[in-house]
Amino acid sequence: MFQRLRGTRDFYPEEMTARNKVFKIIRETAERHGFVEVVSPAIESFDLIAKKSGEDIKEEIYAFKDKGGRMICLIPEFTPSVSRMIANRQKELGKPLKWYSIPRHWRYERPQSGRLREFYQLNVDIFGSESPKADTEVLSVGICIMLNLGLKDFLFHISNRKFLQGLLQEYNVSNIQEAFRIIDKRDKIPEEEFVDGLLKCGIKDYDEILDILDSVTIENIGDFRGRNELMDKAIDNLIDIFRYLEYYGVREHCVLDLSIVRGLAYYTDMVFEVYDKKKEMRSLFGGGRYDDLVESFGGEHTPAVGFGMGDVVLELMMKKEGVWPEEKTDMDYYIANIGDVDRYVFSIAKKLRNKGYRVTFDLMERNLSNQLKYADKINAKKVIIVGEKEIKEGKILIRDMETGKQEKIDVNKI
RNA sequence: GCUAGGGUAGGGUAGCGGCUAUCCUAAAGGACUGUGGAUCCUUUGACCCGGGUUCGAUUCCCGGCCCUGGCCCCA
């Protein structure tokens with residue numbers, strides 16, 4: 001017997017119906033927000049992926065030589081591919097671009113809760129707009145997807161990196177990237193290690209800085225205006241975003257949280273992460289603004305903002321909240337036969353199928369009892385019984401499998 | 001890469017140094033030769049792999065593989 005490869009999943013029909021429902025809600029929500037779908041190949045050149053993440057990424061992805069000796073890989077993320085797509089057709093694409101995609105991604109990592117080697121990830125991005133309205137649109141899609149999926153226990157923690165960057169500059173902090181990394185880990189590491197890390201980055205007055213991060217809200221952040229240009233830009237941006245979120249009616253799902261920085265180097269302004277309200281689980285997903293990334297892939301300067309949401313954690317969250325759809329397939333019609341009535345079975349099936357119904361019939365030469373048993377098993381809503389006796393009078397029986405009620409109708413009425 | 005726990009029919013489980021390896025469920029069929037969900041019966045189907053200890057290992061020991069968590073990392 002062969003087994004699945006580690007960290008991969010099979011989706012059997014019952015699971016597939018539930019997943020399709022979830023994906024449908026996600027697609028519809030994105031499209032109602034004016035996003036259009038794109039797809040790119042599952043394989044890309046290793047150089048493209050390494051462009052953003054460096055050569056060391058090789059250890060964490062599926063990378064191999066193809067028969068032509070080219071180093072290629074299964075895509076571990078979407079950003080390089082979509083940046084390439086934009087750079088390739090820079091001139092003809094009208095800005096802003098509002099794109100979404102639900103590609104499969106592969107990462108060669110140790111699987112654990114909420115993390116597999118093969119997974120789907122919704123990517124939602126807006127390219128070409130610097131406006132905080134674009135940031136808001138991206139946040140809004142994320143929030144509406146969560147709500148439309150029936151989720152309630154979540155909160156968007158929103159920040160702007162430039163605020164912290166400006167603040168750290170005021171305190172003459174030497175290594176700002178490293179400081180970002182440490183502050184990002186604040187909740188995960190012991191207090192001592194955290195303080196130690198801050199000191200190493202040259203942050204002596206960490207009490208003051210942490211106090212600011214903890215106490216500032218969207219209501220009082222304006223008090224910090226006038227300190228330096230970076231902070232002013234961040235403040236204006238955050239106030240705009242929260243105002244727009246208010247206009248859109250999703251403000252209640254958001255909170256200003258200046259401690260959110262995200263470890264990644266390429267985010268430039270707004271960043272966000274989504275947590276359950278009590279922050280018990282790990283981050284559900286996150287994203288932000290990355291204005292310089294497309295350019296680094298050889299395109300023109302293209303401001304961008306977006307997020308990536310993996311299906312694995314989403315499924316865990318939905319199951320935890322009890323809103324994962326029922327895993328059950330069903331069928332509109334099962335046509336049962338008694339005796340030599342094949343010609344009627346086929347023609348009835350064709351008529352119903354042309355009308356758009358899902359229809360199936362016996363392929364096992366079963367007796368009526370077992371045909372009904374099978375119809376029950378596949379959750380057929382209705383069974384049409386084509387019997388020799390009735391067909392002589394031009395009649396068939398329709399049985400409602402839920403009520404058990406059965407009526408005799410004219411065969412031509414189908 | 002590091003670390004904890006675990007691997008018995010398709011799914012869920014019991015068990016023991018030696019019995020025909022337990023039960024539930026599932027699937028196929030029958031009881032019911034023209035009516036599903038109930039009941040009963042039949043059939044199908046498992047001790048992860050390799051080595052060691054032993055008269056004998058599914059059980060004990062070692063190694064590997066795999067699974068479930070945690071760490072590193074997290075695009």
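Just so it is clear: chains get the letters A, B, ... in the order the sequence lines come, proteins before strands, and each one is counted from 1.
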Using purine N1 to pyrimidine N3 plus N6-O4 or O6-N4 for Watson-Crick, or N1-O2 and O6-N3 for G-U wobble, both under 3.5 Å, which nucleotide pairs with C72(B)? none
Atom-pair distance (CG on Asp376(A); C1' on G37(B)), nearest Å: 5 Å
Counting side-chain heavy atoms from CB outward, which of G30(B), A75(B), G36(B) is closest to Asn367(A)? G30(B)
Euclidean distance, atom CG of residue Asn370(A) to atom C1' of G36(B) [Å, nearest integer]: 10 Å
Expressed in whole Å, how much space separates the P atoms belonging to C62(B) and C24(B)? 36 Å
With P as the reference atom in both, quote the distance from U58(B) to U42(B) in angstrom, rounded to an integer. 29 Å
Using atom C1' of each nucleotide, how far apart are A21(B) and U13(B) to the nearest Å? 13 Å
Do Glu402(A) and G37(B) share a donor-acceptor pair, side chain to base, under 3.5 Å? no
Distance, C1' atom - from U44(B) to A9(B), rounded to whole angstrom: 9 Å
Over 60° means perpendicular and under 30° means parallel, so classify the ring planes of Phe156(A) and Phe272(A), tilted if in between. parallel
Hey, is the side chain of Gln112(A) poking within less than 4.0 Å of OP1 or OP2 on G69(B), counting only N and O atoms? no
So, under a plain 3.5 Å distance rule, would you say the side chain of Arg115(A) forms a donor-acceptor pair with the base of C73(B)? yes
Using the C1' atom as the reference point in each nucleotide, state the distance between A38(B) and C19(B) in Å, no decimals. 36 Å
Please name the residue in the list Asp269(A), Asp232(A), Asp236(A) that meets the salt bridge (charged side-chain N to carboxylate O under 4.0 Å, His left out) test with Lys162(A). Asp269(A)
Nucleotide A27(B), atom C1' - distance to NZ of Lys373(A) in whole Å: 11 Å
Euclidean distance for C1', C49(B) against G7(B) (whole angstrom): 12 Å
Could you tell me whether the side chain of Arg110(A) has a donor or acceptor atom within less than 3.5 Å of a complementary atom in the base of G1(B)? no
Partner of A21(B) by Watson-Crick or G-U wobble geometry, both contacts under 3.5 Å, or none? none
I'd like to check Arg9(A) versus Glu315(A) (side-chain heavy atoms, cut-off strictly below 4.5 Å). Are they in contact? yes
Base, sugar-phosphate or nothing for Arg366(A)? Non-hydrogen atoms, less than 4.0 Å. sugar-phosphate
Can you check whether Thr329(A)'s main-chain N or O pairs, donor with acceptor, with Asn379(A)'s side chain at less than 3.5 Å? yes
Over all strands shown, is Gly339(A) touching base, sugar-phosphate only, or nothing at heavy-atom distances under 4.0 angstrom? nothing
Tell me the partner of G5(B), counting only Watson-Crick (N1-N3 plus N6-O4 or O6-N4) or G-U wobble (N1-O2 and O6-N3) with both under 3.5 Å; none if nothing fits. C67(B)
Under a 3.5 Å limit on both distances, the Watson-Crick or wobble mate of U39(B) is A31(B)
Between P of C73(B) and CZ of Arg282(A), the distance in whole Å: 13 Å
Does a side-chain heavy-atom distance below 4.5 Å link Val383(A) with Tyr334(A)? yes
Suppose we define a pair by two distances each less than 3.5 Å, Watson-Crick or G-U wobble; what does U44(B) pair with here? A26(B)
Rounded off to whole Å, could you give me the CZ-to-P distance for the Arg6(A) and G69(B) pair? 12 Å
Is it the case that the base of U35(B) and the side chain of Gln406(A) share a donor-acceptor contact (distance under 3.5 Å, atom types as modelled)? yes
Does Gly287(A) reach a base, just sugar-phosphate, or nothing at all? Heavy atoms under 4.0 Å. nothing
Which part of the nucleic acid, if any, lies within reach of Lys389(A) when heavy atoms closer than 4.0 Å are counted: base, sugar-phosphate only, or nothing? base
P-based separation of C48(B) from G11(B) [nearest Å]: 13 Å
Quantified in whole Å, what is the C1' atom distance between nucleotide A14(B) and nucleotide U8(B)? 10 Å
Using the closest heavy atom to pick a nucleotide of RNA chain B for each, name whichever of Met364(A) or Pro76(A) lands nearer the 5' end. Met364(A)
Rounding to an integer number of Å, can you tell me how far Lys405(A) NZ sits from G36(B) P? 18 Å
Using atom CD of Glu109(A) as one end and atom P of C71(B) as the other, report the distance to the nearest whole Å. 13 Å
Looking at Phe297(A), I'd like to know if the NZ or CZ of Lys51(A) sits under 6.0 Å from its six-membered ring centre while staying within 45 degrees of the ring's axis. no
For Phe361(A) and Phe346(A), I'd like to know if the aromatic rings sit close, meaning centre-to-centre distance below 6.0 Å. yes
Leu116(A) or Tyr267(A): which one's nearest nucleotide on RNA chain B is closer to the 5' end? Leu116(A)
Among G36(B), G30(B), U35(B), the one nearest any side-chain atom of Ile385(A) is U35(B)
Can you find a donor-acceptor pair, distance only, under 3.5 Å between Arg107(A) side chain and C74(B) base? no
Relative to each other, are the rings of His105(A) and Phe78(A) parallel, tilted or perpendicular (30° and 60° limits)? tilted
At under 4.0 Å between heavy atoms, what does Glu59(A) touch on the DNA or RNA strands: base, sugar-phosphate, or nothing? nothing
Hey, does Ile49(A) reach any base, or is it just sugar-phosphate, or nothing, if we go heavy atoms under 4.0 Å? nothing
Counting any heavy atom closer than 4.0 Å, what does Ser369(A) reach on the DNA or RNA strands: base, sugar-phosphate only, or nothing? sugar-phosphate
Separation of Leu372(A) atom CG from G36(B) atom C1', in whole Å? 5 Å
